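Fair warning: this is a prediction, and the values are worked out from it, not measured in the lab. The figures here come from the full heavy-atom set of this structure, side chains too, leaving out hydrogens, waters and symmetry mates.
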Amino acid sequence: MEVLTEDVQLSHADLALLAELAKGVTVDRVGRRLDISGRTVRRRLRVICDRIGVATAIEAVAWAARRQLI
């Protein structure tokens, strides 16, 4: 299932990843919690950032928080 906001689709897995980062969890620990590698987390973050039009993971977290998605 995907969340559509402002013509941007993010999956619940994408939002879970951003929510973990918002809690201050490191990328490697997020990977362990989601049972994926840190490299995969970084790759998914890059895709998320590209989709929503921001440059960094911090901006992606702020974007999702402002829209009350996380």
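More than 12 heavy atoms of other shown residues, nucleotides or ligands fall within 6.0 angstrom of atom CZ in Arg46.
The backbone N or O of Val47 lies less than 3.5 Å from no partner atom in the side chain of Asp50, so there is not a single donor-acceptor pair. Side-chain atoms of Arg67 come within 3.5 Å of backbone N or O of Trp63 as a donor-acceptor pair.
Heavy-atom minimum distance, Cys49 versus Thr56: SG-O, 3.4 Å. Nearest heavy-atom pair across Asp14 and Arg51 is OD2-NH1, 3.0 Å. Nearest heavy-atom pair across Val27 and Gly38 is CG1-O, 3.7 Å.
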(request) Please assess Asp28 against Arg42 for the test side chain to side chain contact (heavy atoms under 4.5 Å, CB included), listing each intermediate value before the final yes or no. (result) CA-CA 9 Å; Asp28 290 327; Arg42 288 179 191 85; 3.4 Å; yes
(request) Evaluate side chain to side chain contact (heavy atoms under 4.5 Å, CB included) for Ile52 paired with Glu59, printing each intermediate quantity in order. (result) CA-CA 10 Å; Ile52 63 177; Glu59 290 175 314; over 6 Å; no
Atom pairs and distances, side-chain donor-acceptor, residues 15-26, under 3.5 Å, sequence neighbours left out:
unit_1, atom_1, unit_2, atom_2, d
Glu20, OE1, Arg33, NH1, 2.6
Glu20, OE2, Lys23, NZ, 3.2
Thr26, OG1, Arg29, N, 3.2

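Under the 4.5 Å side-chain criterion, counting only non-hydrogen atoms from C-beta, Arg44 is in contact with Ile36.
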